[in-house]
Amino acid sequence: MPMKTAKTKTPVYEQIYMLVRQIPAGKVATYGQIATLLDKPGHARQIGYALYRVEVDADIPWHRVVNAQGMISESPQRQGNDDLQRLLLEQEEITFNAQGKLDLRRYRWHPDPPPSTLLE
DNA sequence: GACTTGACCGGAC
DNA sequence: AGTCCGGCCAAGT
C-alpha cells in the first residue's frame with residue numbers, strides 16, 4: 001500500500017470533456033444534465049467552469065452544451081464566442097425561436113448506453 | 001492556505 | 001410571468 005508518490009491526479013474535467021465529446025451533432029445537453037450523467041447532480045456550475053477554460057479550437061464540441069432554459073449562456077469573458085456557438089448549432093440544423101431559445105424537448109441528447117460506459 | 005470567481009439549477013415567493 | 005437565494009466545488013489569486 002506504500003508508495004504515495006503516485007499522485008494520480010485524475011483530472012475532474014477530463015470526465016466532463018469525455019462526456020461532452022459523446023454528444024452527437026444535432027443534439028445538445030444542459031450543464032445540469034452533464035453533471036447528473038456524471039452521477040453528481042447539482043454540480044452544474046462545475047461544468048460551466050470546465051468549459052470556461054476550454055480552447056475554442058479544442059477537439060471538444062463545447063457548443064453543444066446550453067443552459068437549462070435552452071439558451072446559450074453568455075459571458076463578458078466570451079463576448080463574440082457566444083455568437084459563434086449559435087452559428088455552430090445552426091450549422092447542425094438546430095433552430096432558435098424569437099427568444100433565442102432552442103427546443104430542448106426536441107434536441108436534448110438522450111444517451112443510449114449507461115453513462116458509466118461512456119467514460120470508458 | 002483563505003478568499004474570490006464563475007458558460008448553472010431548482011425551488012420559493 | 002419575474003426575481004431572489006442557497007447550494008455546489010475546482011482553479012486562480
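Order of the sequence lines fixes the chain letters, A, B, ..., with proteins taken first and strands second; residue numbering starts at 1 for each chain.
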Notebook entry, point to check: How long is the line joining CD1 of A/Ile47 and C1' of C/dA10, in whole Å?
Noted result: 11 Å
Next item on the list: Report the residue (A/Arg53 or A/His43) whose heavy-atom-nearest nucleotide on DNA chain C is the more 5′ of the two.
Entry: A/His43
Item checked: Length of the line joining A/Trp62:CH2 and B/dG6:P, which is rounded to integer Å -> 18 Å
Next item on the list: Let me know the distance between NZ of A/Lys40 and C1' of B/dC8, rounded to the nearest Å.
Entry: 16 Å
Note to self: Nearest whole Å is fine: how far is B/dG10 P from A/Leu104 CG?
What the structure shows: 11 Å
Notebook entry, point to check: Has the side chain of A/Asn97 got a donor or acceptor atom that lies under 3.5 Å from a matching backbone atom of A/Gly100?
Noted result: yes
Notebook entry, point to check: Could you give the OH-to-P distance, from A/Tyr31 to C/dC9, as a whole number of Å?
Noted result: 19 Å
Checklist line | Gap between atoms NZ and C1', on A/Lys101 and B/dA7 respectively (whole Å) | finding: 17 Å
Note to self: Rounded to the nearest 0.5 Å, what separates atom CG in A/Leu87 from atom CD1 in A/Ile72?
What the structure shows: 8.5 Å
Check: For A/Ser73 and B/dA7, is the shortest distance between a side-chain N/O and OP1 or OP2 below 4.0 Å?
Finding: no
Notebook entry, point to check: Within this structure, what is the CZ-to-P distance between A/Arg45 and B/dG10, rounded to whole angstrom?
Noted result: 14 Å
Margin query: Checking the side chain of A/Gln85 only, and the main-chain atoms of A/Ser73 only, is there a donor and an acceptor separated by less than 3.5 Å?
Written below: no
Item checked: Salt bridge A/Glu92-A/Lys27, side-chain N to carboxylate O under 4.0 Å -> no
Next item on the list: Between C/dA10, C/dG7, B/dC9, spot the one nearest the side chain of A/Tyr49, thanks.
Entry: C/dA10
Next item on the list: Please determine, for the side chain of A/Tyr52, which listed nucleotide (B/dA7, B/dC9, C/dA11) has the closest atom?
Entry: B/dA7
Margin query: Measure CG/A/Asn67 against P/B/dG10 and give the value in whole Å, please.
Written below: 10 Å
Notebook entry, point to check: Out of C/dC9, B/dG10, B/dA7, which has the shortest distance to the side chain of A/Ala68?
Noted result: B/dG10
Checklist line | N/O donor-acceptor pair, side chain A/Gln46 with base C/dC8, under 3.5 angstrom | finding: no
Next item on the list: Convert the base pairs of DNA chain B into dot-bracket notation, remembering that pairs crossing earlier ones are written with [ ] and that bases paired across to another strand are shown as |; include only Watson-Crick or G-U pairs under 3.5 Å.
Entry: .|||||.||||||
Notebook entry, point to check: Can you check whether A/Val65 reaches A/Ile23 side chain to side chain, under 4.5 Å on heavy atoms?
Noted result: yes
Check: Salt bridge between A/Glu93 and A/Arg106, side-chain N to carboxylate O under 4.0 Å?
Finding: no
Check: Are side-chain N/O atoms of A/Thr36 and A/Tyr31 paired as donor and acceptor at under 3.5 Å?
Finding: no
